[in-house]
Amino acid sequence: MADKSKLGKKYPTIVWEVERGKIRELVRAIGDKNPIYSNREIAEKEGYQDCPASPTFLTIPTMVAGSMATAVLDLQINFAMVLHGEEEYEYYREIYPGDVISGVPTVMSIEEKTSKSGRAMDMVTMEIVYTNQRAEKVAKVRSVIVERK
Amino acid sequence: MELYFEDIQVGQEMPTLVAEPINKIQQVMYAGASGDFNALHLDDDFAKALGMQGGVITAGMQVMGKVGQAITDWVPKKYLKKFGVRFSGITKPGNIITVTGKVIDKQASNQLITCEVTAQDETGNVKITGRFEAVLPSKSKNT
């Protein structure tokens, strides 16, 4: 089971420089053709300062930093039994090309639960609050990792 | 056309998004774009060895991306304040994801709407349930 002594633990800060091409690449992979992500002129007409990052963009710094994998190892969770249970974003400000965002992955809770089918599982909640280069909070990411028993 | 708080009613449905069938090339693109190179999404042999009979499965975040698209096709992204999902079922290449949603609450004091969203496949199997909150402009106020 997950190592409960790690509650509150913070992992190395993720620093991510937001590239225009990466914003476009993610929506292309999703199949989201909204032009605000790729056409600056249209984005500005729609009230943005530039092409904004799409709603799930913050999955990228987390994945590239490998912070979830690091946490899974550190918490002594069985990798083969891990599921991504939940993901939640709170948006405070738009993220634009050229922004440098950073955040600290933090273990917020470790809970034992029983699934509907009666199976025991541990749920680990991680949170990252991202700020930009002006120290403005841009978003909060909450991820729940489930370890099935 | 601008979407105003006053135009939204509790119980109102969000426009439905029906996605193209998910394919493996798209999963490779998603892996490259997101940095999620979990072999479960890319390598059929690996996925089969882990008990996935048909081979690779789709990243949950890729399906969440589709839900995000459905939301922001309706509510401009700049108005979106919160978006959270629970992953409840496995998605596979070939699945046709349909995203539906419904307004469950609105608060006049801050022009906030709360909506439920669901992503399911062509057989009605639910992949994602979630909700989002958005603050919309008012016809009577400058926001």
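Chain identifiers are assigned alphabetically (A, B, ...) following the order of the sequence lines, protein sequences preceding nucleic acid strands; residue numbering begins at 1 within each chain. Predicted, not measured: the structure shown is a model, and the values here were computed from it. Note: hydrogens, waters and symmetry copies are ignored here, and every other heavy atom, side chains too, is used.
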Item checked: Face-on cation placement of B/Lys81 at A/Tyr91 ring, 6.0 Å and 45° thresholds -> no
Checklist line | Residue selection (most heavy-atom pairs with chain A, distance under 4.5 Å) from B/Glu133, B/Met61, B/Glu20, B/Arg131 | finding: B/Met61
Next item on the list: Please look at A/Tyr48 and chain B and tell me whether the side chain, the backbone, both or neither of the residue comes under 4.5 angstrom of a heavy atom of that chain.
Entry: side chain
Checklist line | Sidechain N-carboxylate O distance under 4.0 Å for A/Glu127, A/Lys10 | finding: no
Margin query: Can you tell me how far apart CD1 (A/Ile14) and OG1 (A/Thr62) are? Round to the nearest 0.5 Å.
Written below: 5.0 Å
Margin query: Under a 4.5 Å cutoff for heavy-atom pairs, which residue among A/Lys140, A/Glu94, A/Arg142 has the most contacts with chain B?
Written below: A/Glu94
Next item on the list: Against chain A, work out which of B/Ala19, B/Ala31, B/Ser34 has the most heavy-atom pairs shorter than 4.5 Å and name it.
Entry: B/Ser34
Next item on the list: Can you check whether anything in residues 81-88 of chain A gets within less than 4.5 Å of chain B, heavy-atom wise, and list it by number?
Entry: A/His84, A/Gly85, A/Glu86, A/Glu87, A/Glu88
Next item on the list: With a 4.5 Å cut-off on heavy-atom pairs, point out which of B/Met29, B/Lys77, B/Gln26 contacts chain A the most.
Entry: B/Lys77
Margin query: Using a 4.5 angstrom heavy-atom cutoff, name the option from A/Val27, A/Asn34, A/Val64, A/Leu26 with the most pairs to chain B.
Written below: A/Leu26
Checklist line | A/Ala43 portion near chain B, given a 4.5 angstrom heavy-atom threshold | finding: neither
Notebook entry, point to check: Where on A/Ser54 is there a heavy atom nearer than 4.5 Å to chain B: the side chain, the backbone, both, or neither?
Noted result: backbone
Check: Would you call A/Glu25-A/Arg28 a salt bridge at under 4.0 Å N-O?
Finding: no
Notebook entry, point to check: Among side-chain atoms of B/Thr100 and B/Glu13, is any donor-acceptor pair under 3.5 angstrom?
Noted result: no
Next item on the list: Mind checking the CD1-CE spacing from A/Ile30 to B/Met64? Nearest 0.5 Å is all I need.
Entry: 10.0 Å
Checklist line | A/Thr125 side chain to A/Ser109 side chain, donor-acceptor N/O pair below 3.5 angstrom | finding: yes
Note to self: Assess, by modelled atom type and distance only, whether the side chains of B/Ser138 and B/Glu6 contain a donor and an acceptor separated by less than 3.5 Å.
What the structure shows: yes
Notebook entry, point to check: When only pairs under 4.5 Å are counted, which of A/Ala69, A/Pro52, A/Ala29, A/Gly21 shares the most heavy-atom pairs with chain B?
Noted result: A/Ala29
Next item on the list: Measure from the side-chain N and O atoms of A/Tyr96 to the backbone N and O of A/Gln49, and report whether any donor-acceptor pair falls under 3.5 Å.
Entry: yes
Check: Can a donor-acceptor pair be found between the side chains of B/Asn95 and B/Glu122 at a distance below 3.5 Å?
Finding: yes
